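For reference, the structure is listed below as structure tokens.
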Amino acid sequence: MSRALFSPSPLRQRFRPLWWLGITFVAICFVTRIALLVMSGSNVAPNPLNWLYAFGVGLGYDLVTFLYLAWPMVLFLWLVPTRRPPVAGAGRWLAYLVGMAALYAATLGVFLLLWHVHVHESWPVLVVFLFFLPMPALAYNRASGQWGLYVLGLALLYALLFVAASELVFWNEFSARFNFIAVDYLVYTTEVIGNIRESYPVGTWLALLVVLALVVFVLSRRGLRARDDGSTLLQRARVPLVWLVLTAISVAAVNGEMKDRTANNYVNELAGNGIYQFFAAFRSSHLDYKKFYRSLPDDEAFRLMREQLKAPNADFTSSDPRDLTRAIHATGPEKHLNVVLISVESLSGDYLGTFGNKQGLTPFLDSLVDKSIFFDNLYANGTRTVRGLEALSLSVPPTPGDSLVREHDNESLFSLASVFNDRGYESEFVYGGYGYFDNMNYFFSHNGYRTVDRSDIAPGTPIHSQNVWGVSDEDLYTLALGQMDQIHAEGKPFFLHIMTTSNHRPYTYPAGRVKWQAPSRPGAVAYTDWSIEDFIKRAQAKPYFADTVFVITADHCASSAGKTSIPINHYHIPLWIYAPRQFKPRRVETLMGQLDIPPTLLGLLDFSYRSRFFGQDVFQTAPDQGHALPGTYEKLGYVHGDTLTILEPRKRLEQLKPNFATGDATPVAPIRQDLVNTAIAYYQVASDLFKQGGLKLRADDGAKVEPLPAPAATVAAPAAAASAIQPQG
């Protein structure tokens with residue numbers, strides 16, 4: 001990269017192993033690309049232009065990737081002294097080790113203070129320290145330096161061969177280089193590793209890779225022979241400096257989409273580099289819907305979507321077939337009640353005695369069922385907190401890849417808070433931890449909410465318990481009550497979305513609250529119940545209690561693993577809408593998804609407003625037309641009636657009849673194409689609109705919408721849902 005690398009000088013001698021690594025890496029990439037081309041079969045026509053594009057553009061990506069992966073060797077070749085180790089003797093070594101340990105501890109301390117990253121989350125820092133730890137014992141021109149170079153080279157060689165083998169497996173499954181699915185596998189390591197062990201002879205393959213690495217190393221080890229006739233550290237610094245400049249240029253000038261220039265996606269994928277694509281996907285956290293999933297012509301998808309969003313109280317505001325904006329008309333005057341929406345961490349439906357649990361974990365929440373509007377058949381959007389937050393704030397399906405909470409260009413979206421704000425509400429997102437996590441503070445603060453988190457707790461405020469995730473729920477509710485008091489004193493109605501943390505590993509909570517001693521998962525659930533009861537009791541003493549609606553639900557279930565790709569029983573969550581002075585208690589059995597909560601809540605408040613929500617007011621939905629959209633980052637589900645349709649990458653499809661109690665499922669035959677098309681429409685349209693800015697807040701979204709004429713006789717519950725509810729007591 002520098003002229004010094006090509007001139008007969010000590011620098012050329014010193015950095016000669018970079019040529020070994022570069023040639024080895026390019027050769028492995030070339031062989032991998034040939035193997036993937038063969039595996040593609042007839043999907044890549046035997047056209048020399050296809051081959052030229054795949055291997056020519058691919059070589060460019062390989063060289064860019066080499067800039068990144070060669071950094072360990074660049075640093076080794078730069079920093080290891082030439083003739084003698086800088087640290088010798090027991091005393092100096094002891095001082096060096098103590099100094100490194102102190103530096104490591106200080107680094108972890110900085111990470112904890114600035115970003116609240118715990119020790120067990122900081123393993124990449126440990127890897128870096130272990131890399132530098134032995135360097136003072138090495139001298140480049142001595143046996144120690146030669147063996148250090150051999151060990152580093154062999155480790156890098158084995159890692160490259162392992163990645164190449166992994167790419168073959170991944171291509172066989174997805175017909176793509178590494179992408180966000182591979183990144184997501186880092187989250188689901190238990191399921192993924194278990195699947196790999198059951199599917200492939202992993203032990204044999206790893207052993208063969210060791211043998212192959214040793215053979216290649218022995219045959220090529222001359223390229224790693226160390227020699228340096230007298231370079232200094234400062235002279236050698238020119239090479240890593242040039243390397244740094246080239247790396248920075250490549251980051252700014254190259255991206256993973258530049259290769260996608262042909263009409264054949266297989267050729268585009270072959271032109272990429274798996275390692276580069278992995279980190280590009282890690283940075284973008286994006287999985288393009290149309291590229292990986294079944295799709296419909298856009299006009300057909302939008303037509304189906306508009307058909308799905310029709311409701312007795314809704315009118316489309318535009319004749320544009322791709323505009324989903326509706327005017328929602330209530331039948332009465334708006335109730336500008338305060339709203340407190342609590343999304344409880346991991347509150348699975350099967351924790352409730354109401355749904356058959358015999359442990360007595362949730363006595364208060366079970367008692368609240370008969371005092372609330374309680375929804376029996378609600379299913380979460382996903383398996384992580386950000387999916388629940390996305391559904392509750394934006395009312396959208398769980399689009400593939402990362403949640404919109406963490407996506408780029410996720411500012412100024414049409415949100416639940418925007419509807420409240422148009423009516424003079426103060427909207428806040430209140431979190432017991434630090435809201436930098438999962439991009440929560442950024443997302444909510446740019447979509448109509450004021451963010452309040454752990455850092456807003458005044459110094460000296462008593463904290464009963466806390467862990468890495470946040471303060472105990474009772475302390476979070478104290479923070480929320482303070483916000484409610486303040487907003488009420490200003491004469492405004494409030495909308496608070498509270499996100500709890502206590503019902504999360506490590507399951508710690510204050511002593512003396514429940515009979516289970518912490519840490520304990522049953523105890524954490526019981527403490528969740530205790531703290532909600534304590535919160536409601538404290539709120540009852542407030543002057544605004546009679547005019548406040550409490551909406552209590554979960555962000556997701558406690559577990560997502562099961563025998564099927566989307567075990568539906570592990571998406572079942574509860575929902576209470578509790579306002580004893582406002583709403584008559586009843587049970588609602590209509591099937592619904594988490595994204596239906598915002599429009600259902602607004603319907604109960606008799607709001608007339610403009611909406612682009614994908615969810616629907618269940619009281620305006622016929623009981624047999626309810627549905628839910630559970631998903632993972634890669635599998636996109638649609639539940640209607642007794643059928644679960646699952647869209648999968650590589651344009652695959654499953655359609656099952658699930659057992660809602662056990663999560664087991666049996667295949668449907670023949671496939672119901674109408675349900676497939678509806679599922680496609682939801683996910684395709686949501687993905688397209690977000691990409692094209694169609695979910696953004698508009699200037700006319702706050703336009704006044706007139707309510708429907710008052711009915712001749714007032715009824716206690718919405719007539720459209722009369723058959724879906726069962727009055728209690």
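Because the structure is a prediction, the values reported are computed rather than measured.
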What distance do [X] atom [atom1] and [Y] atom [atom2] have between them, rounded to the nearest 0.5 Å?
| X | Y | atom1 | atom2 | answer |
| --- | --- | --- | --- | --- |
| L389 | H556 | CG | NE2 | 9.0 Å |
| H572 | C557 | NE2 | SG | 8.0 Å |
| T399 | L404 | OG1 | CG | 4.5 Å |
| E634 | L636 | CD | CG | 9.0 Å |
| I566 | I646 | CD1 | CD1 | 4.0 Å |
| T632 | N381 | OG1 | CG | 12.0 Å |

Less than 6.0 Å separating the ring centroids of [X] and [Y]?
| X | Y | answer |
| --- | --- | --- |
| F162 | W205 | no |
| F217 | Y150 | yes |
| F15 | W78 | no |
| Y683 | Y289 | no |

Can the positive tip of R652 be found less than 6.0 Å from the middle of the six-membered ring of Y293, inside 45° of the ring normal?
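Judged by the rule (NZ or CZ under 6.0 Å from the ring centre, within 45° of its axis), R652 is not positioned above Y293.
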For [Y], is there an ion pair with [X] - N to carboxylate O distance below 4.0 angstrom?
| X | Y | answer |
| --- | --- | --- |
| K696 | D409 | yes |
| K291 | E269 | yes |
| D688 | K290 | yes |

Is there side-chain contact between [X] and [Y], with at least one heavy-atom pair below 4.5 Å?
| X | Y | result |
| --- | --- | --- |
| V685 | L324 | yes |
| Y682 | L304 | no |
| F613 | D596 | no |

Using modelled atom types only, decide if a donor and an acceptor are shared between the side chain of [X] and the backbone of [Y] within a distance under 3.5 Å.
| X | Y | result |
| --- | --- | --- |
| W469 | R505 | yes |
| E648 | K635 | no |
| R406 | S403 | no |
| N659 | A665 | no |
| Q594 | A554 | yes |
| S250 | V64 | no |
| N447 | N410 | yes |

List the atom of [X], the atom of [Y], and the distance in Å for their closest heavy-atom pair.
| X | Y | result |
| --- | --- | --- |
| V44 | L270 | CG2-CD1, 4.1 Å |
| L591 | V639 | CD2-O, 3.8 Å |
| L77 | R14 | O-NH1, 2.8 Å |
| A686 | L695 | O-CD1, 4.3 Å |
| N569 | G663 | OD1-CA, 3.0 Å |
| F131 | P72 | CZ-O, 3.1 Å |

Checking [Y] against [X]: is there a side-chain donor and acceptor pair closer than 3.5 Å?
| X | Y | value |
| --- | --- | --- |
| D298 | Q684 | yes |
| T645 | Q655 | yes |
| Q277 | Y61 | no |

D555 vs R387, test: salt bridge (charged side-chain N to carboxylate O under 4.0 Å, His left out). Steps then yes/no.
CA-CA 7 Å; D555 58 347; R387 287 301 188 184; over 6 Å; no
Parallel, tilted or perpendicular: ring planes of [X] versus [Y], cut at 30 and 60 degrees:
| X | Y | result |
| --- | --- | --- |
| Y266 | W171 | perpendicular |
| Y638 | H627 | tilted |
| F170 | F178 | perpendicular |

Take Y571 and T383 through the test side-chain hydrogen bond (donor to acceptor under 3.5 Å, both in side chains) and record every step on the way to the result.
CA-CA 8 Å; Y571 286 78; T383 59; 5.2 Å; no
Applying salt bridge (charged side-chain N to carboxylate O under 4.0 Å, His left out) to R322 and D299, what does each step give before you reach the verdict?
CA-CA 8 Å; R322 300 193 182 189; D299 289 345; 2.9 Å; yes
Given W19, W243, Y276, W71, the one that forms ring pair (Phe, Tyr, Trp, His ring centres under 6.0 Å) with F66:
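Answer to the ring pair (Phe, Tyr, Trp, His ring centres under 6.0 Å) test with F66 among W19, W243, Y276, W71: W243.
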Quick one: which of R33, R177, K259 gives a salt bridge (Lys or Arg N to Asp or Glu O under 4.0 Å) with D62?
R33
Name the residue from L156, L157, N273 that meets the side chain to side chain contact (heavy atoms under 4.5 Å, CB included) definition with F25.
N273
